[in-house]
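A short worksheet on the structure shown next.
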Amino acid sequence: IKIALENNRDIQIQEQNVVVSEGEIKTQEGVFDPLFNLVSFYNDGETPQLSTFIPSGTIKQKQFSLQTNVEGSLPTGTFYNLFDIQTTRTDTNSPIEDLSPNWFNNVNFSIGQELLRNFGMDVNRAFIVTARRSSTISQKELEKRVAQVLLEVENRYWLVVAARKNLDLERTALDLAIDLRERNQVQVDVGVLPPVSVTQAESEVAAREVNVIRAENDLQAAEDDLKNVLAMDLAIKISAVDEPTTEVRKFSEEESLDIAYEERPEMEQGELEIANRETLKKYYSNQRLPRLAVEGSVQLQGLGGDENPDRLSFEEVPEPIPPQFDSPGDAFSQIWGADFTTWQVLGVFSFPLFNRTARGNYIKATAELDRSVIALNQTKDNIALDVRSAIRQIQNSLRAIDAARVSIKLAEEVVSNEQERLNVGIGTTRDVLEAQRDLIDAGVREITAITSYNIALAELDYAKGTIIEDRGVQIGGE
């Protein structure tokens, strides 16, 4: 079992699916991560300008700008743009600019709230909630695959044991045929039996040698099947040491069904799938609403710099720069002092005229929810069938074991009687061989019944959803 769980490719793939589903949770949670932006640029250029005030016809300008902000949204439907700060330094020879170089600063804070569509925690966290449930579904899928591997390993193992016992039985049958041939040869030599008795025995020896070869091939094929499940090199030798049980076990179908409905991972998967579909139905129901949002913002501005030596003046002495702008530091002090403040309240309303996309998504979500409910009911039916079939197979196998053992006991007596009849000259070799074949067939039926019984026990544990716990297997952090 340990080898199978470590090497099985399907389990390894499903383990990675669990990791993927956990990553999807992070992805969905990341929708509400604040976004920090930083933009900067520098330009240095000349612009042609035809103006009476610009005799050179050219404006030279150097400009450096830095902008940063933090924006994002909250699960409540709130959206924000905080610390939207932009500062720009401009150095120009334009005579119509009084300040050069000058600094212009702009700081903006805004926050808004969705009021209809995308309003509330339930709607905005829908995909996070479904991602978490989907991760649990992936974990349950891993449990299901582990259980399937455990069942498959046990089935293949008991088939190997059965093939080995069949080989031992065929070898025993061959030994019986060889012994009969030798006995007949002695009796032919003393004149008790006709020579045809040896011929009949030799023919049976040859037939049973073929049966031994077939049994050896069946054992090798069963071992290869087991190695394939274990993902082992087919050249490695394996030995089945555990013997099958014939201990009689009683099971209540009603109790087994209750356990199965509680423990089978498919049940929890189905319930989680329904919960996901209900969440998505509510989400897409909300998406049918129009968008109604309100947003408030406040903007702070500041301007300052040095006097432009090339600035245009219509007087002999240029008018002085107002003191609140005549220093680069003024651009920043005006921000802190909120000297130039603009408040704004914005309302937004939008609605698709036909809204077919939202309506279509809601229709699909409703159908998918209904489909999930049907699928869960189907899963319950399949689990009930698995439990009933396993219990019935256990009961039938026990009866078959008892019948095979009775048949073996009687066949052994018949073989002994026919051998005695042959020894005293009133029986035939054909009768002895026929009795031996009946004994071998009874042995095969016992092996088949015992194998079927042990496989049925494993299948019942699987059907009840307890095979992982009963085999002492732990998955992840369980």
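On a predicted model such as this, the values are computed, not experimentally measured, just so you know.
Using a 4.0 Å cut-off between charged side-chain N and carboxylate O, Asp386 and Arg264 make a salt bridge. Ionic pairing of Glu29 and Arg125 is not present here: no N-O contact between side-chain nitrogen and carboxylate oxygen is shorter than 4.0 angstrom. A salt bridge links Arg171 and Glu216; the closest N-O separation between the charged side-chain nitrogens and carboxylate oxygens is under 4.0 Å. The pair Glu170-Arg208 fails the salt-bridge criterion, with no side-chain N (NZ, NE, NH1 or NH2) lying under 4.0 Å from an Asp/Glu carboxylate O. The residues Glu243 and Arg164 are annotated as salt-bridged, a charged nitrogen and a carboxylate oxygen being separated by less than 4.0 angstrom. Salt bridge absent: Glu202 and Arg181 never bring a charged side-chain N and a carboxylate O closer than 4.0 Å. Checked for salt-bridge contact, Arg430 and Glu434 miss the test: no charged N lies under 4.0 Å from a carboxylate O. Of the charged side-chain nitrogens involved, none lies within less than 4.0 Å of a carboxylate oxygen, so that Glu223 and Arg156 do not count as a salt-bridged pair.
At least one side-chain heavy atom of Thr451 sits less than 4.5 Å from a side-chain heavy atom of Leu159. Contact check for Pro265 versus Glu141: no side-chain heavy atoms found under the 4.5 Å cut-off. The side-chain heavy atoms of Thr87 and Ser65, taken from C-beta on, include no pair separated by under 4.5 Å. The closest side-chain heavy-atom distance from Val39 to Gln86 is not below 4.5 Å. The shortest side-chain heavy-atom distance between Lys165 and Leu169 does not fall under the 4.5 Å cut-off. Side-chain contact between Val444 and Asn166 is present, with at least one heavy-atom pair separated by less than 4.5 Å. A heavy-atom distance below 4.5 Å is not found between the side chains of Arg291 and Phe351. Between Ser297 and Asn108 the shortest side-chain heavy-atom distance falls below 4.5 Å.
Distance check, rounded to the nearest 0.5 Å: CD1 of Ile455 to OH of Tyr462 gives 15.0 Å. Interatomic distance, OG of Ser21 versus CD of Gln16, reported as 11.0 Å (0.5 Å rounding). Remark: Ile13 CD1 to Leu142 CG distance equals 12.0 Å, nearest 0.5 Å. One finds the CG atom of Asp470 at 10.5 Å from the CG atom of Leu150 (value rounded to the nearest 0.5 Å). Interatomic distance, CG of Leu398 versus NZ of Lys250, reported as 6.5 Å (0.5 Å rounding). Atom CZ in Phe83 sits 10.0 Å away from atom OG1 in Thr68 (nearest 0.5 Å).
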**Q.** Verdict with reasoning, Asn69 to Leu82, per side chain to side chain contact (heavy atoms under 4.5 Å, CB included)
**A.** CA-CA 6 Å; Asn69 74 309; Leu82 306 179; over 6 Å; no

Q: Evaluate the criterion ring-ring contact (aromatic ring centres under 6.0 Å, His included) for residue pair Phe109 and Tyr80; output intermediate values, then yes/no.
A: CA-CA 8 Å; Phe109 300 88; Tyr80 58 86; over 10 Å; no

Q. side-chain hydrogen bond (donor to acceptor under 3.5 Å, both in side chains) between Asp381 and Gln378: does it pass, once the steps are laid out?
A. CA-CA 5 Å; Asp381 294 340; Gln378 184 182 43; over 6 Å; no

**Q.** CA sep, side-chain torsions, deciding dist, call: Asn454, Thr245, side chain to side chain contact (heavy atoms under 4.5 Å, CB included)
**A.** CA-CA 7 Å; Asn454 282 266; Thr245 182; 3.2 Å; yes

Q: Kindly determine whether Ser397 and Ser452 satisfy side-chain hydrogen bond (donor to acceptor under 3.5 Å, both in side chains), including the steps that lead there.
A: CA-CA 6 Å; Ser397 297; Ser452 178; 2.9 Å; yes

Q: Could you please spell out the steps behind the side chain to side chain contact (heavy atoms under 4.5 Å, CB included) verdict for Gln63 and Phe41?
A: CA-CA 8 Å; Gln63 191 173 59; Phe41 72 85; 3.8 Å; yes

Q. Given Glu22 and Ser135, is the side-chain hydrogen bond (donor to acceptor under 3.5 Å, both in side chains) satisfied, shown in steps?
A. CA-CA 6 Å; Glu22 292 172 348; Ser135 180; 4.8 Å; no

Q.
Quick one, Arg392 with Gln395, criterion side-chain hydrogen bond (donor to acceptor under 3.5 Å, both in side chains). Give me CA distance, side-chain angles, the key distance, then yes/no.
A. CA-CA 5 Å; Arg392 183 171 58 249; Gln395 295 169 345; over 6 Å; no

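Among Val153, Val149, Asn155, the one residue that satisfies the side chain to side chain contact (heavy atoms under 4.5 Å, CB included) test with Leu151 is Asn155. Among the candidates Glu143, Glu273, Lys140, Glu262, the single residue satisfying the side chain to side chain contact (heavy atoms under 4.5 Å, CB included) test with Glu268 is Lys140.
Within a 6.0 Å sphere centred on CD of Glu255, heavy atoms belonging to other residues, nucleotides or ligands number 12 at most. Open room surrounds CZ on Phe354; 12 or fewer heavy atoms of other groups in view lie less than 6.0 Å from it. Counted within 6.0 Å of CZ on Phe36, heavy atoms from surrounding residues, nucleotides or ligands total more than 12; the atom is thus considered enclosed. In this structure, Asn396 places its CG atom where more than 12 heavy-atom neighbours from other residues, nucleotides or ligands lie under 6.0 Å away. In Lys144, the NZ atom is crowded: over 12 heavy atoms of neighbouring residues, nucleotides or ligands sit closer than 6.0 Å.
Summarising the geometry of Leu457 relative to Arg249, their closest heavy-atom pair is CD1-NH1, 3.9 Å, with the distance given to 0.1 Å. Residues Ile391 and Glu253 share a closest heavy-atom pair of CD1-CA, 3.6 Å. Scanning both residues, Pro290 and Leu116, for their nearest heavy atoms gives O-CB, 3.3 Å.
Side-chain contact check for Gln287 and Asn118: at least one donor-acceptor pair (N or O, by modelled atom type) lies under 3.5 Å. Counting only N and O atoms by type, the side chains of Glu152 and Gln148 include no donor and acceptor under 3.5 Å apart. No side-chain N or O of Glu266 forms a donor-acceptor pair with one of Thr379 less than 3.5 Å apart. Under 3.5 Å, the side chains of Asn37 and Glu71 contain a donor-acceptor pair of N or O atoms. A donor and an acceptor atom, one from each side chain of Asp84 and Gln67, are located under 3.5 Å apart.
Shown here are the ring pair (Phe, Tyr, Trp, His ring centres under 6.0 Å) partners of Tyr261, two or more places apart in sequence or in another chain: there are none. For Ile274, the side-chain contact (heavy atoms from CB on, under 4.5 Å) test picks out Glu278, Leu369, Ser372, Val373, Leu376, with sequence neighbours left out.
For Thr279 (side chain) and Ala126 (main-chain N/O), no donor-acceptor pair under 3.5 Å exists by modelled atom type. Looking only at distances, no side-chain donor or acceptor of Glu114 sits under 3.5 Å from a matching main-chain atom of Thr78. Judged by distance alone, the side chain of Ser389 and the main-chain N or O of Leu385 form a donor-acceptor pair under 3.5 Å. Tyr283 places no side-chain N or O within 3.5 Å of a backbone atom of Asp122 that could act as its donor or acceptor partner.
Residues in residues 396-416 take part in these salt bridge (Lys or Arg N to Asp or Glu O under 4.0 Å) pairs, two or more places apart or across chains: Arg405-Glu446.
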